[in-house]
Amino acid sequence: MNYTFTLRTIYPYLGELWQAAAVTLWLSSLAIVLSIALGAGIAVLRRSRLRLLRVLGAVYVEIMRNTPLLVILYVVYFAAPAIGIRLSSFVAALLGLTLNSAGYMAEILRAGLIAVAPGQFEAAQSQGMTGWQVFRHVVFPQVFRTIYAPLGNQVIAVILASSLASAVAVEDVASWMQTVGSTSFRFFETFVIAAIVYLVLCQTVNIARLLIGRWLFRQGATR
Amino acid sequence: MSEILALDGVVKRFGARTILDGISMKVSAGEIVCFVGPSGTGKSTLLRCVNGLEPIQGGSISFEGAPVLAQTASIRAVRRRVGMIFQHFNLYPHLTALENVMLAPVVVHGEARAAVEARARGLFDTVRLSHRINAYPAQMSGGEQQRVAIARALCTNPHLLMFDEPTSALDPETVGDVLGVMRDLAREGRTMLVVTHEIRFAAEVGTRMVFMDQGRIVEEGDPRQMVASASTERARQFLGAINH
Amino acid sequence: MIAYLPLMLRAAGTTLWLSWLAMLIGAFGGTLLALVHMQRIAPFRWLAIAYMEFFRSVPILIVMFFAYYGVPLVLGLDLSPFAAATLALALHASATMSEVVRAGIGSVGHGQWEAAQAAGFTWLQTMRHIIAPQALRVVLPPSIGVFITTLKESSLASIIGYIELTRTGLLVRDSTGGGFAPLLALGVLYFLINYAISQIGAALERRFQTGSRIETVGAMA
């Protein structure tokens, strides 16, 4: 109980903290972008005319949603060398995060597509729009509205989940907390600092999402 | 008068079910053709085939001399000259009434915004909705939405207007507004194909009535004459039942 | 590898026990938080919101690190890996559960409160006899989702050395020469458990058919 909170012992490690924060940010950003792309592909699969492709998409989603990220990371990290591919920790973590997050992204995007009424496609087509024009002017704006909030949640989920990359030796913020904590024995301080970094990252996303959402959808044009 | 639409032996099947069973007809500029008949006889499907929303399995359709081929790039050229009004309006919910009307002229036809906007505003006068120009679809009644949909179809200066049961999804009190606008368009000499259950409207405004049953044209002719005394028993039954 | 299967199945039992315990504490904590959140006194409300926002914005892994390595230093209280993991999981689950419970209570119409008040029920009696039974049908399906998330998160206990399913899989891997078959088996076991649970959740959802749907599938973890 006579623990005194002091940041003095932590000062020397702050330089590494910035690096670690950059790794966390970079890893999550890449995983978010890549998993949106992969998730979009799977969402399209799930609407395919071929039953086999639909089942394949559904199986992928179920596997990713029901398996812990940590296990997926281990499988990627240890399986790659076994089949002769050398992956750095960072790439392995990025791959695992992306594969996992894509399962959730696919469902978010699918829900967005379902929310667009079939009549919308027909109206746009009947006006002579090309496939791209239908997507760009009619489908996408409506999908975007539906997925906006869940997409924000998923972005935050990926930032938080990126902390597991420390388990496959990526030197991110969580790993910083553990290494610095165990060398300096200032676990409370490292915890507070690491928590603040994640809080700032996530709340920035959260607040930006609210403000941008309010600006984008200001006319209250909901169905 | 010049012929703008020709159907020759059009067959449409959904799996084993035949929806259109050899439809042949010609439509000239300025005609107002009203399609009537029991539900599920292929009237709406016929309109959807004309602008290629449904591919056909037999026969041919040509619009202004060129073949209508669904699922090919050429269909867009037809659609640019045909305006379609749907039973459920299908307005774009993320756009205001004005933006709904302006989208296709700007995006599909590549017209200048200012010119389109001026024309669109004029069209809102035509459909008597100038006060609702900035409303979103969700904020409008069904009758208002359908009139916006008509303005949207008109704004691309179509050579042919197709109405697919335009008043079937409306509250009774707003049906009159929509029919009123359609009456005005008829007076302007527009070429129109109208699928409707409003027999009285068809008799009053139509230049030709087509009675369809089970995917075939059973009888066609002058609307007033048909309503008064159709020559086939089937049409007489139907029109009589609707009339009284 | 096959010889280790009974070991892994037993470890799956450990994982289930750990997550169940954390979930149970989380459900109680979450309900308490939801009730605090509903109070008229602003500081209480702020406290509940701060708690929820904190645990929504901080990875559970570092909470677990702190519970295991930090708490003994700060409080002089040695937590076993099991206790530390349970604590971290329960803290996190209660943040999520408080939102689920709040949505559940919110789903019960205002008229129910008024009717109960008019009949002379106290606040507690209204909660106990009128609101809770109705809220439960809304709360149960998404709780299954929270449970699945907690179960997946429980794999992090392996990082602080608690021998549950994931740790067992890694140990089996070490003693069988480092192949990745044990890891695959690990994935399959987790999948089967979670998929079965999510099917129960889906069945509950169908049965109750409540208007306000919240995902029964857990979040990314």
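In what follows, every heavy atom counts, from backbone to side chain, and hydrogens, waters and symmetry copies are set aside. This one's a predicted model, so the numbers in the text were calculated from it and none came from an experiment. All chains are named by letter (A, B, ...) in the order of the sequence lines, taking the proteins before the strands, and each is independently numbered beginning at 1.
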**OP:** Answer with side chain, backbone, both or neither: which region of C/F180 has an atom nearer than 4.5 Å to a non-hydrogen atom of chain A?
**Re:** side chain
Original post:
Out of A/A157, A/C202, A/A167, which one racks up the most heavy-atom pairs below 4.5 Å with chain C?
Top reply: A/C202
Subject >> Residue, of A/N100, A/V205, A/I156, A/V197, that accumulates the most heavy atom pairs under 4.5 Å with chain C >> reply: A/N100
Subject >> Rounded distance (nearest 0.5 Å) linking atom CG of A/L69 with atom CD of C/E153 >> reply: 11.0 Å
Subject >> Side-chain heavy atoms of C/M220 within contact of A/L97, under 4.5 Å >> reply: yes
**OP:** Report the distance from atom CE of C/M64 to atom OG of A/S163, rounding to the nearest 0.5 Å.
**Re:** 10.5 Å
Original post:
Tell me, do C/F191 and A/E62 make a side-chain contact under 4.5 Å, heavy atoms counted?
Top reply: yes
**OP:** Go through the atoms of C/S155 and report whether side chain, backbone, both or neither lie under 4.5 Å from a heavy atom of chain A.
**Re:** both
Original post:
Heavy-atom distance under 4.5 Å to chain C: side chain of A/Q154, backbone, both or neither?
Top reply: side chain
Original post:
For A/N206, is it the side chain, the backbone, both, or neither that has a heavy atom closer than 4.5 Å to a heavy atom of chain C?
Top reply: side chain
Subject >> Matching residue for C/Y190 among A/I72, A/L70, A/V71 - test: side-chain contact (heavy atoms from CB on, under 4.5 Å) >> reply: A/V71
Original post:
Hey, what do you get for CD1 (C/I62) to OG (A/S175), rounding to the nearest 0.5 Å?
Top reply: 12.0 Å
Subject >> Validation row, ring centre C/Y69 to ring centre A/F187 under 6.0 Å >> reply: yes
Original post:
Do C/L61 and A/S166 have side chains that get closer than 4.5 Å, going by heavy atoms?
Top reply: yes
Original post:
So what's closer than 4.5 Å to chain C heavy atoms on A/A161: side chain, backbone, both or neither?
Top reply: side chain
**OP:** Give, for atom OG1 of A/T67 and atom NZ of C/K152, the distance between the pair rounded to the nearest 0.5 Å.
**Re:** 8.0 Å
Original post:
Which atoms form the tightest heavy-atom contact between C/A219 and A/Y104, and what is the distance?
Top reply: O-OH, 3.4 Å
Original post:
How about A/F188 and C/F66: are their ring centroids closer than 6.0 Å?
Top reply: yes
Original post:
Atom CD of A/Q203 and atom CZ of C/F54: how far apart are they, to the nearest 0.5 Å?
Top reply: 11.0 Å
Subject >> C/I159 portion near chain A, given a 4.5 angstrom heavy-atom threshold >> reply: side chain
Original post:
Is it the backbone or the side chain of C/E53 that comes under 4.5 Å from a heavy atom of chain A, or both, or neither?
Top reply: both
**OP:** Under 4.5 Å heavy-atom distance to chain A, tell me which part of C/S154 shows up: side chain, backbone, both or neither.
**Re:** neither
**OP:** For C/N194 and A/N66, indicate whether the former's side chain and the latter's backbone hold a donor-acceptor pair under 3.5 Å.
**Re:** yes
Subject >> Nearest-0.5 Å distance, OG of residue C/S57 to CD1 of residue A/I159 >> reply: 9.5 Å
**OP:** For chain A, find which of C/I193, C/L77, C/L170 contributes the most heavy-atom pairs closer than 4.5 angstrom.
**Re:** C/L170
Original post:
Are any of the side-chain heavy atoms of A/Y74 and C/T166 separated by less than 4.5 Å?
Top reply: yes
